[in-house]
Amino acid sequence: MKLKLFTASLLFACSTLHAQTVEVKDAWVRATVPSQKGTGAFMSITAKDGARLVGVSSPVAGVVEVHDMKMDGDIMRMRAVPVLELPAGQTVHLKPGGYHVMLMDLKQGLPKGSTVPLTLRLQDAQGVETRLEVSVPVSTAAPAGNTTGKAADHGAHKH
Ligand SMILES: [Cu+2]
């Protein structure tokens, strides 16, 4: 009986720890007009022990992909990133002009002030998959006073 209880509490401790190893901050979704079919979601993700973002889903969009945005000559091109590496302890910024979560085939308009649920599918170094649910505010601009925005202003983002 004593042993059983001990095991249970250990397991609980593990799953709690695991849930805290990936942190999402400053998340926002760009507001849409009613006829718009696609938009971007942006956030800063920090995986303390390293992880990979292998997928995102949302009930408001038929298709959700992680995209990268790069200049190809004079043309800004987006390409799907099937796996986004999250190096241990490094914050990966998803922001306008760079990595973003692309919400496509939108089922509804996303007015400013509403909230979009996103499910991030993450894999740890052992390949164990976990899901992280985030509730993301819809806005017309990045949240005020966050460091992500400042870095973008100074062009510090390089890939
Ligand atoms: Cu995109």
Side-chain angles (χ1 to χ4, degrees), residues 19-125 127-159:
Q20 288 170 344
T21 57
V22 177
E23 193 184 20
V24 173
K25 277 166 99 179
D26 301 326
W28 65 288
V29 170
R30 194 186 294 282
T32 65
V33 294
S35 60
Q36 203 175 327
K37 283 291 163 205
T39 191
F42 312 96
M43 66 197 75
S44 300
I45 310 174
T46 312
K48 214 164 52 178
D49 302 320
R52 321 164 82 193
L53 179 62
V54 294
V56 184
S57 60
S58 174
V60 305
V63 179
V64 185
E65 290 178 351
V66 177
H67 279 184
D68 191 7
M69 208 182 247
K70 274 194 180 128
M71 288 304 286
D72 178 9
D74 297 336
I75 306 157
M76 194 58 126
R77 286 187 199 279
M78 295 201 289
R79 67 186 176 98
V81 181
V83 174
L84 181 62
E85 297 290 339
L86 305 170
Q90 278 180 41
T91 302
V92 176
H93 299 288
L94 281 68
K95 59 189 177 190
Y99 289 122
H100 55 279
V101 174
M102 194 84 196
L103 303 168
M104 291 172 287
D105 192 14
L106 290 175
K107 294 167 183 169
Q108 62 196 75
L110 304 174
K112 186 183 175 181
S114 61
T115 308
V116 171
L118 289 183
T119 303
L120 309 186
R121 276 172 47 225
L122 299 150
Q123 254 176 26
D124 68 11
V128 177
E129 203 169 295
T130 51
R131 278 158 198 267
L132 183 64
E133 310 278 341
V134 283
S135 183
V136 183
V138 177
S139 183
T140 49
N146 77 73
T147 48
T148 312
K150 272 179 202 150
D153 292 344
H154 293 113
H157 193 67
K158 276 179 194 144
H159 279 291

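Read the numbers this way: they start at 1 and go in the same order the structure lists the ligands and their atoms. Index from 1, following the sequence.
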Main-chain N/O of L110 paired to T32 side chain as donor or acceptor, under 3.5 Å: yes
Just checking K112: does its NZ atom have more than 12 heavy atoms from other residues, nucleotides or ligands closer to it than 6.0 angstrom? no
Would the distance check show the side chain of T115 and the main-chain N or O of P137 forming a donor-acceptor pair, the cut-off being under 3.5 Å? no
For distances below 2.8 Å, what is the count of protein N, O or S atoms around the Cu ion (ligand 1)? 4
Any donor-acceptor pair under 3.5 Å from Q36 side chain to V33 backbone: yes
Kindly assign one of parallel, tilted or perpendicular to the pair F42 and W28, based on the angle between their ring planes and the thresholds 30° and 60°. tilted
Would E129 and R121 satisfy salt bridge (charged side-chain N to carboxylate O under 4.0 Å, His left out), going step by step from the backbone distance to the final call? CA-CA 7 Å; E129 203 169 295; R121 276 172 47 225; 2.9 Å; yes
